[in-house]
Amino acid sequence: MMARKILIDCDPGTDDAIALFMALGDPRLDVRLVTVAGGNVGLAHTLRNARALVGLTGKAVPVVAGAERPLLGSFEDAAYVHGEDGLAGVLLPEGPAAASGIAADAIREALRAAGPAGLTLVGIGPATNLALALATEPGLLPNVAEIVLMTGAWGEGNVTPAAEFNAWSDPEALAVVLGCGRPVTLATLEVTAQALATPSRIEALSRGGTGACREAACAILAGTPPSRRLGGAGSPQHDSCAIAWLLAPEAFTVREVFAEVDCGPGPGRGQTLIDRWGRLGKPANALVLETLEAGRFFEVLEQSLSRLP
Ligand code: BDR
Ligand code: CA
């Protein structure tokens with residue numbers, strides 16, 4: 001079977017780190033490119049982290065720097081969750097140098113190279129890089145096989161009462177991606193809350209084997225503060241839900257929805273309006289992941305870690 005060609009646009013980020021390991025450890029995914037934005041921490045750190053994480057896996061995947069800040073408004077990080085360095089203080093060896101160029105150009109280039117067979121775009125950070133790429137060369141849209149985003153919530157946010165962090169970081173960019181006309185799947189806070197890294201699950205991963213990636217993953221998971229919003233039982237593995245959807249779709253239930261994002265200046269900025277019951281009568285433009293079998297999710301992660309050095 002041919003591996004699915006994907007690119008990962010990220011802002012590592014503790015949970016981005018786990019997503020990168022999950023994707024790079026599975027031969028069913030052919031990761032063509034990793035692009036990076038500022039998000040969880042500033043771009044200097046997210047880029048260094050992405051290079052280090054990819055380097056640790058030994059995969060020759062180009063890592064390209066992208067947006068330092070959103071399309072509009074100012075940049076604010078989430079170092080209070082991910083630590084000042086973005087990886088919960090876990091020190092990794094320096095990775096290979098970043099590839100030259102900037103993310104939006106590299107994304108367009110990767111789409112061109114993929115041709116009509118298509119490339120799956122996985123967005124697990126602010127959507128700035130993806131929006132810039134898609135808005136500046138819409139002729140490449142047919143080469144987008146599908147888009148999978150970790151973003152948004154149909155209920156409460158995690159950065160403001162209304163908004164989830166990635167959506168809030170760059171709502172205008174998310175609006176561009178949601179409106180691009182290609183199939184979009186959303187892993188929102190509701191599904192990612194079901195991928196909870198609890199102490200016993202981290203312990204099981206740690207007992208599962210050896211290797212630098214497994215050690216790094218377990219240290220990062222152990223160093224991430226448990227979510228107060230979710231009762232302190234563990235840290236939600238937001239970003240790897242987007243990867244798990246590609247690897248184990250049978251572990252999820254889904255629903256077709258109309259989804260849009262609030263780009264206004266008020267307290268609702270960054271809130272995603274997700275019409276799960278078709279009350280607005282608008283045509284569906286996204287698939288939302290609703291439930292996740294957590295055991296299967298951690299099995300997929302275990303399998304990836306067992307294949308990595
Ligand atoms: C999202 O925001 C970031 O803090 C995480 O890496 C994830 O992508 C969760 O709201
Ligand atoms: Ca992220």
Side-chain angles (χ1 to χ4, degrees), residues 7-23 34-43 45-50 53-54 63 66-68 70 75-88 90 103 121-130 147-171 173-174 177 185-197 217 220-221 223-230 234-245 261 269-272 274 288-289 292 297:
L7 75 74
I8 302 178
D9 184 56
C10 60
D11 62 333
T14 51
D15 61 320
D16 303 68
I18 304 305
L20 286 168
F21 286 150
M22 189 186 273
V34 170
T35 51
V36 188
N40 287 317
V41 285
L43 181 65
H45 284 304
T46 56
L47 182 61
R48 185 200 179 279
N49 294 343
L53 291 159
V54 171
V63 177
E68 253 177 289
F75 173 77
E76 282 183 51
D77 67 26
Y80 52 89
V81 176
H82 302 265
E84 289 301 319
D85 62 355
L87 290 183
V90 175
L121 311 182
V122 180
I124 57 175
T128 324
N129 293 331
L130 295 176
I147 302 171
V148 186
L149 302 176
M150 187 288 126
T151 197
W154 67 70
E156 192 183 29
N158 64 349
V159 62
T160 70
E164 178 277 332
F165 181 79
N166 288 338
W168 173 83
S169 295
D170 197 339
L174 178 56
V177 178
T185 299
L186 301 175
T188 66
L189 291 180
E190 287 78 9
V191 82
T192 70
Q194 299 165 56
L196 210 57
I220 290 167
L221 289 172
T224 308
S227 165
R228 192 166 56 111
R229 184 174 55 91
L230 301 175
S235 65
Q237 292 311 300
H238 306 288
D239 290 342
S240 36
C241 284
I243 304 296
W245 164 245
V261 57
R269 182 166 174 78
Q271 180 172 30
T272 45
I274 297 181
V288 68
L289 308 181
L292 165 64
F297 172 91

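Starting from 1, each residue takes its place in the sequence as its number. First listed ligand is number 1; within each ligand, the first listed atom is number 1.
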(message) Under a 4.0 angstrom heavy-atom cut-off, which atoms of ligand 1 come close to Asp15?
(response) 5 (C), 6 (O), 7 (C), 8 (O)
(message) If I take the Ca ion (ligand 2) as the centre, what angle separates the OD1 atom of Asp11 from the OD2 atom of Asp239? Nearest 10 degrees is fine.
(response) 140°
(request) Please answer whether the main-chain N or O of Ser235 pairs with a side-chain N or O of Gln237 as donor and acceptor at a distance below 3.5 Å. (result) yes
(message) List ligand 1 atoms under 4.0 Å from Met150, heavy atoms only on the residue side.
(response) 1 (C), 7 (C), 8 (O), 9 (C)
(message) If the cut-off is 4.0 Å to any non-hydrogen atom of Phe165, which atoms of ligand 1 fall inside it?
(response) 2 (O), 3 (C), 4 (O), 10 (O)
(request) Considering heavy atoms of the protein only, find what lies nearest to atom 8 (O) of ligand 1 and give residue, atom and distance to 0.1 Å. (result) Asp239 OD1, 2.6 Å
(request) Just go through Val159, Thr14, Asn40 and tell me whose heavy atom is the nearest to atom 4 (O) of ligand 1. (result) Asn40
(message) Please find the pair of heavy atoms, one from Leu87 and one from Gly13, that lie closest to each other, and give the distance.
(response) CD2-O, 3.6 Å
(request) Give a yes or no answer on whether the side chain of Thr160 reaches the backbone of Ala162 with a donor-acceptor pair at less than 3.5 Å. (result) yes
(message) Within ligand 1, which atoms have a heavy atom of Asn158 less than 4.0 Å away?
(response) 9 (C), 10 (O)
(request) Taking all heavy atoms of Thr188 and all of Val288, pick out the closest pair and write down the distance. (result) CG2-CG2, 3.8 Å
(request) Check Gly123 against Leu130 and note the closest heavy-atom contact, atom names and distance. (result) CA-CD1, 3.9 Å
(message) Looking at ligand 1, is there an atom of it that comes within less than 4.0 Å of some heavy atom belonging to Val81?
(response) no
(message) Need one value: angle at the Ca ion (ligand 2), Ile124 atom O versus Asp16 atom OD1, rounded to 10 degrees.
(response) 130°
(request) Taking only heavy atoms of Glu164 into account, list the atoms of ligand 1 that are under 4.0 Å away from them. (result) 1 (C), 2 (O), 9 (C), 10 (O)
(message) Treating Asp15 as the side-chain partner and Pro236 as the backbone partner, does any N or O pair qualify as donor plus acceptor under 3.5 Å?
(response) no
(request) Report yes if Ile124 has an N/O atom closer than 3.5 Å to an N/O atom of ligand 1; otherwise report no. (result) yes
(request) Keeping the roles fixed (side chain from Asn166, backbone from Met150), state whether a donor-acceptor pair exists under 3.5 Å. (result) yes
(request) Would you check if there is a donor-acceptor pair between the side chains of Thr35 and Asp9 at a distance under 3.5 Å? (result) yes
(request) Mark up the atoms of ligand 1 that fall under 4.0 Å of a heavy atom belonging to His82, in ascending order. (result) 4 (O), 6 (O)
